[in-house]
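Side chains included, hydrogens not; waters and symmetry mates left out as well; all remaining heavy atoms used. What you are looking at is a predicted structure, and each value in this text was computed from that prediction instead of being measured.
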Amino acid sequence: MNSDQRGGDRRDIQSIEPGVDEGAARSTKAASPESLSDAGLGSRASARTTDAEHRDGAGGIRRAVWLAVGLAIAVIAIAVLAFLVPTAPALAWIGIALQVALAALLVVSALALPAGGYRASRFAWITGFQAAAVVVVLVLILVVALV
């Protein structure tokens, strides 16, 4: 079926979308950001390409999000543990030192590891260890306080 049989008046595709050939205009698939930026369709396409280039693997979660979550866990854990220093000083200080060390490891991993699935996996493990460590220390402090 040619374009004259499809529906009456045939407009020139170049007048509607400059830089896009007729074959690409007929395609039902969405154009990739690379093809949009090559076609010269403006800064929106190049912004999407730039955004995609700065993503990690494993779900596309960026380094800044992992750092924010990990450092938020560390700050909250340190605040809670500092409040509990009078109850069980040794355990609280061990928990604080552990949170500081894991937060430092998270920052070093963010700066040293190249982007990709390995870095995202490392962030997930460190953040998980942070949460598990504070839970274990809080349970131990609870046991000491009750005895």
> Which atom pair, heavy atoms only, marks the closest approach of Ile73 to Gln130?
Replying inline: CG2-CB, 3.9 Å
>> Under 4.5 Å between side-chain heavy atoms, counting indirect links through other Ile/Leu/Val/Met/Phe/Trp/Tyr residues: same cluster for Val80 and Val100 or not?
In response: yes
> If you take all heavy atoms of Trp66 and Leu106, which pair is closest and at what distance?
Replying inline: O-CD2, 3.9 Å
> Distance from Leu67 atom CG to Leu111 atom CG, nearest 0.5 Å?
Replying inline: 7.5 Å
>> On a heavy-atom basis, which atom in Thr127 and which in Val69 lie closest, and how many Å separate them?
In response: CG2-CG1, 4.0 Å
> If every non-hydrogen atom of Arg122 is compared with every non-hydrogen atom of Ser109, which pair is closest and at what distance?
Replying inline: CG-OG, 3.6 Å
> Going from CG on Leu84 to CD1 on Ile96, what distance comes out if it is rounded to the nearest 0.5 angstrom?
Replying inline: 9.0 Å
> Should Phe83 and Val137 be counted in the same cluster of Ile, Leu, Val, Met, Phe, Trp and Tyr side chains packed under 4.5 Å apart?
Replying inline: yes
> Looking at Ala88 and Val144, what are the two nearest heavy atoms and their distance?
Replying inline: CB-CG1, 4.3 Å
>> For Phe123 and Arg63: C-alpha separation, side-chain torsions, deciding distance, then whether side chain to side chain contact (heavy atoms under 4.5 Å, CB included) applies.
In response: CA-CA 8 Å; Phe123 285 156; Arg63 170 177 46 190; 4.1 Å; yes
> Between Leu81 and Leu138, is a side chain to side chain contact (heavy atoms under 4.5 Å, CB included) present by the stated rule, with each step listed?
Replying inline: CA-CA 8 Å; Leu81 291 170; Leu138 287 175; 3.9 Å; yes
> To the nearest 0.5 Å, how far apart are CG in Leu105 and CD1 in Ile126?
Replying inline: 3.5 Å
>> Just verifying a value: how many Å separate Leu98 CG and Ile78 CD1, rounded to the nearest 0.5 Å?
In response: 10.0 Å
>> Testing the basics here: between Ala133 and Gln99, what is the closest heavy-atom pair and its distance to 0.1 Å?
In response: CB-NE2, 3.9 Å
> Going hydrophobic residue to hydrophobic residue with side-chain gaps under 4.5 angstrom, can you get from Ile141 over to Val136?
Replying inline: yes
